[in-house]
Amino acid sequence: MTVDSLDPGDVDAADILGSAIERREDPALLTGNAEYTDDIQMDGMLHMAVVRSQYGHANILDVDTSEAEAMDGVHGVYTYEDLTSDETPGGGSFALPTAWLLDSLKQVPHQLLATDKVRHQGDGIAVVVAEDRYTARDAAGAVDVEYERLDAVVHPSEAFADDAEQIHDDAEGNVAFDWEIGDAEKTADAFADASHTASIDLENQLLIANAMEPRAAVADYNPGTDELDVAMTTQNPHVHRLLMAGVLGHPEHKLSVRAPDVGGGFGSKIHHYADEALVAWCSMMHEAPVKWVATRSETYLTDAPGRGHETKAEIAMDDDGNIVGLRVDTMANLGAYLSTFAPSVPTYLYGTLLSGQYDIPAIYGHVKGAFTNIPPVDAYRGAGRPEASFLVERLIHLGAKEMGMDPVAFRKQNFVPDDAFPYETQVAVVYDSGEYEKPMDEALEMLDYESFRERQEQARDEGRYIGVGFSCYIEACGLAPSELAGQLGAQAGLWESSLVRMHPSGTVTAYCGTSGHGQGHGTTYAQIVANELGVPYDDVEVVEGDTDEIPQGMGTYGSRSAAVGGSSLVKSAQKVVEKGKEIAAHQLEADPDDIEFENGEYSVAGAPDRSMSMADVAGAAYLAHDIPDEMEPGLEATSFYDPENFVFPFGTHAAIVEVDPDSGEIEIERYVAVDDVGNQINPKIVEGQIHGGVAQGVGQALYEGAEYDDNATLLTGSMQDYAVPKAEHIPEMETESTITPSPHNPLGVKGVGEAGTIAAPQAIVNAVADALEPFGVDHIDMPMDAESVWNAVQANATADGGEQPGDESGTAPETAADDGGDR
Amino acid sequence: MTEHDITLTVNGVEHDLTVEARTLLVHALRDELGYTGTNVGCESSICGACTVRMDGEAVKSCTALAVQADGAEIRTVEDLGTRHDFHPIQEGFQEEHGLQCGYCTPGMMMTALDILEENPDPTREEIREGLEGNLCRCTGYQNIVNAVQNAAEEMQPAAVADGGGTEGSGVTDDDPTPATDGGEGL
């Protein structure tokens, strides 16, 4: 199904919520009128460049800035000592904070610039401020750093080895934290009593965000007012303002952070990076605007990568194929320092989803976080949820195989049943609502699953290997409520704030503390507000992403914007409607209890001719000639909405693939996605979000992965080496949806931004495993490039004397690409 | 650093400017002349966000030197159409939801012009191949393919030869042999 977008003028006002209207954001983006951070030009603007470590792990013996300082056009070169000197601005920590704490967390210092040691390639050592970007980069190249190289560690298992190089003096054994969830003893008992088990040993590879717009910031300090304005690539301006205020020692109320148009984030623009604080400091130092824009190479070296798990896990079943236990042991890569929200990702965002869509009576998860010599790892596109869902769905595939059951029947037998909601899992969350068979059945029909197995058999007889893989995923979105988040270690509330302001003429401006960067909030929020207030859609303007304009906010990530931000807008709009009711009652000389509000019209119950429009009421509120005694003039309302619980989108994705065992090549024949994200505000935008997420999931399954050598030097340091999928790499996606509203918010919405990313990898890996079942291949780590597929086929053929691939030459295929290159 | 006086005709307007030998075309367009609709994504010819048309061919302006463009006619996204008078390609992207964050979109559309000039009625596979030099991280490409198909239908049959919709003043896009691979740097 393809959803056709509609012109807003063709949509009846009563249907504005839920209609696939085209995006109002697009004209600026389509005509070159968008304003991204690097588009900002200011008089007297200087440019900053960062001197970065060449090595993954080294002592710094000396930094010589003299040659750079002497260059024409260079205004200053600064090291960490300069930042903290009495002669220079600020008085903050000059270190990046960690905003999610765990009981066992070993916090380590993360200075804005390294002093005695660098701990990952790209670690900042000095900054240069110059007339223009070319000179700044020339000067950065002229800073001479003398290193003493140290051994490096890349993978958690290396970091935890007995003789591993120590990365931080006070983090013994490179252990960042040791965390568990669930009931170890109960799970051990379940495994002891079980009649069948299946296990897996996997690596969930590191991914690099690759937002098309590199990170950037322009800071403008006004020495007359002491105000510091920063425009930057951020998903959460208010959070950045708060963190930056502490880092710089600049008062929060004299600091503003604005997100201009932002060219994609995917999590990488949530976290507070050193560069942003440094460019602000440089602006204060020089009392001039200063711009910093990352090159793509810098984004590869410094943007927080995601995933990075090494896991052993097992599933236990009774004789009847009921799942009785699940046990997980994960080593998670955190990189060289603790990025802003890093500790939450492999713990609470991962461990709490280990039950998947299944009723599992005993679960135990253990996660050990590792310091390594790669860039700090943090939330990326799904953040913990993809790792959990991948693991669970791979185990389900193997569990079904162990039981000799069809994977569909095995899943259906173990789904949380429809009448069990709200459902409390063994890993600390309560699922809001779900009907897990519905999307599964829809996907089966789309696939014509009944005939698939027959087709598979025929193909095998012809020497062709096709397979189907399922992914019945669940996601937790709209992190909440704040009290719970605090108990789990968050150093921030997870509410959202909004302001709905009626203008005297009856038009509306709605402000929200989320900060969209491609999700179309301007459109969907206007749909929500127009629906609540009963005013024309075109009369609603939406403002986001500016701490000077919006009272407070938490930003956009974790698919929270509709569920939390959208709900906040509903609350604010409802307050406006309530105040308007009192004004209408006063003017219509009726009791407020007798006033009805529908489709933007206030009327007296039983006397529909006595009515006022919302616009009339707004006019009256500002005219203030005739409003109730003691009522303040004006018509606007703010809310701080704290959700009562997470929301849990779910769905079934399925892939049919054909694998050539001779070449190792995989072709996706069909990709079917049936998602249940609750009520849909704009189905066209929902569909687009699913598409994008699936593409990332396909990328992870088949193409992408950050690779480092033994010295922690990034081998996939450019788009030439890291395979961001191209149009020809992504299959046509067939999408459908079911709708199970969430009872946890006034819109009944769940969340969609990360659904496809979470769902897709295991659908494809399961399909490849299904295709290669005759060869005894149970699992191939991602990305499943031709070489790894070919090797898996060969290894099993050799080991088991199983089915042999047609080509008996035993030579590796030409397409093998061990550099993560362009496949 | 050697400096050079060059002339760039951008969207029909002639500009004289002085650039260093190493100044990239995209920086000349964006920083010197203010055509910020063209975006920089990778500085290595891979992602295509910076694609502009130079003398009728798609070129990645992040790896072309400004001096190489001396005397050339450049067409950027600013010349496609306005919000009140979209070019069929812009219309296609709007109607098909072919963009999310929009950062790759100007480059995508300049490449789409190339694709449709070469082949006014491309198959979906041909569009995907034609877009191989332009990366998108948001949309999953499917709606971009839809957008190009939509534009193809709108531009047929007569509209293709003149680029359709709002014509760039003085710039011709009827070169019959544009780059078919989404354009490479010079």
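Protein chains get the first letters and strands the later ones, always in sequence-line order, with residue 1 at the start of each.
In this structure, B/S45 OG and A/M719 CE are separated by 12.0 Å, a value rounded to the nearest 0.5 Å. The CD atom of A/E213 lies 11.5 Å from the SG atom of B/C47; values are rounded to the nearest 0.5 Å. With rounding to the nearest 0.5 angstrom, the CG atom of A/L30 is 11.5 Å from the OG1 atom of B/T82. Within the model, atoms NE2 of B/H87 and OG1 of A/T31 stand 14.0 Å from one another, a figure rounded to the nearest 0.5 Å.
Proximity to chain B (any heavy atom under 4.5 Å) is shown, for A/Y134, by both the backbone and the side chain. Using a 4.5 Å cut-off between heavy atoms, A/V694 makes no contact with chain B at all. The contact between A/I685 and chain B is made by backbone and side chain atoms together, counting heavy-atom distances below 4.5 Å. Contact of A/Q689 with chain B is made through backbone and side chain together, with heavy-atom distances under 4.5 Å. For A/E22, the parts sitting under 4.5 Å from any heavy atom of chain B are the backbone and the side chain alike. At a 4.5 Å heavy-atom cutoff, the contact between B/T105 and chain A is made by side-chain atoms alone. No part of A/D261 comes within reach of chain B, as not one of its non-hydrogen atoms sits under 4.5 angstrom from that chain. Looking at A/S718, neither its backbone nor its side chain comes within 4.5 Å of chain B, counting heavy atoms on both sides. In this structure, the portions of B/T23 lying under 4.5 Å from any heavy atom of chain A include both its backbone and its side chain. In this structure, the portion of A/P731 lying under 4.5 Å from any heavy atom of chain B is its backbone and not its side chain. Residue A/D38 touches chain B through both its backbone and its side chain, counting heavy-atom pairs closer than 4.5 Å.
Each of B/M109, B/H84, B/H27, B/M108 has some count of heavy-atom pairs under 4.5 Å with chain A, and the biggest count is that of B/H27. Across A/A20, A/A209, A/G693, A/A28, the residue that shares the most heavy-atom pairs under 4.5 angstrom with chain B is A/A209. Between chain A and the options B/L135, B/V77, B/V40, the largest number of non-hydrogen pairs under 4.5 Å is found for B/L135. The candidate with the highest count of non-hydrogen atom pairs below 4.5 Å against chain B, out of A/P27, A/G32, A/A695, is A/P27. Per-residue heavy-atom pair counts under 4.5 Å with chain A were compared for B/R83, B/Q90, B/Q94, and the maximum is reached by B/Q94. For the options B/I144, B/T139, B/N39, heavy-atom pairs under 4.5 Å to chain A are most numerous at B/T139. Comparing A/V3, A/D39, A/T299, A/D4 by how many heavy-atom pairs each has under 4.5 Å with chain B, the most go to A/D39. Per-residue counts of heavy-atom pairs under 4.5 Å with chain A were compared for B/E96, B/R124, B/E20; the largest is that of B/R124.
Between B/R22 and A/D138 a salt bridge is recorded (basic side-chain N to carboxylate O distance below 4.0 Å). Residues B/E43 and A/R133 are not paired through a salt bridge, judged by the lack of any N-O separation under 4.0 Å between the basic side chain and the carboxylate.
Pairing each heavy atom of B/N143 with each of A/H691, the nearest pair is OD1-CE1, 3.6 Å. Scanning both residues, B/Y103 and A/Y36, for their nearest heavy atoms gives N-OH, 3.2 Å. Closest approach of A/V262 to B/C101, counting heavy atoms only: O-CB, 3.6 Å. In terms of heavy-atom proximity, A/M212 sits nearest to B/C104 at CG-CB, 4.5 Å. The two residues B/L99 and A/R23 come nearest to each other via the heavy atoms O-NH2, 3.5 Å. Between A/P214 and B/G41 the shortest heavy-atom distance is CG-O, 3.9 Å.
A 6.0 Å sphere centred on CG of A/D72 holds no more than 12 heavy atoms belonging to other residues, nucleotides or ligands.
The closest side-chain heavy-atom distance from A/S5 to B/H97 is not below 4.5 Å. The shortest distance between side-chain heavy atoms of B/Q100 and A/Q519 does not fall below 4.5 Å.
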B/D31/A/Q41 under side-chain contact (heavy atoms from CB on, under 4.5 Å): CA gap, chis, key distance, verdict: CA-CA 8 Å; B/D31 297 348; A/Q41 301 284 8; 3.4 Å; yes
Residues B/L131, A/K726; criterion side-chain contact (heavy atoms from CB on, under 4.5 Å); working and verdict: CA-CA 8 Å; B/L131 292 172; A/K726 300 175 176 183; over 6 Å; no
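A donor-acceptor pair under 3.5 Å is absent between the side-chain atoms of B/Y141 and the main chain of A/H729, judged by distance alone. In this structure, the side chain of B/R128 engages the main chain of A/I730 through a donor-acceptor pair within 3.5 Å. No donor-acceptor pair under 3.5 Å is formed between the side chain of B/R137 and the backbone N or O of A/F266. Distance alone, capped at 3.5 Å, places no donor-acceptor pair between the B/E132 side chain and the A/E728 backbone.
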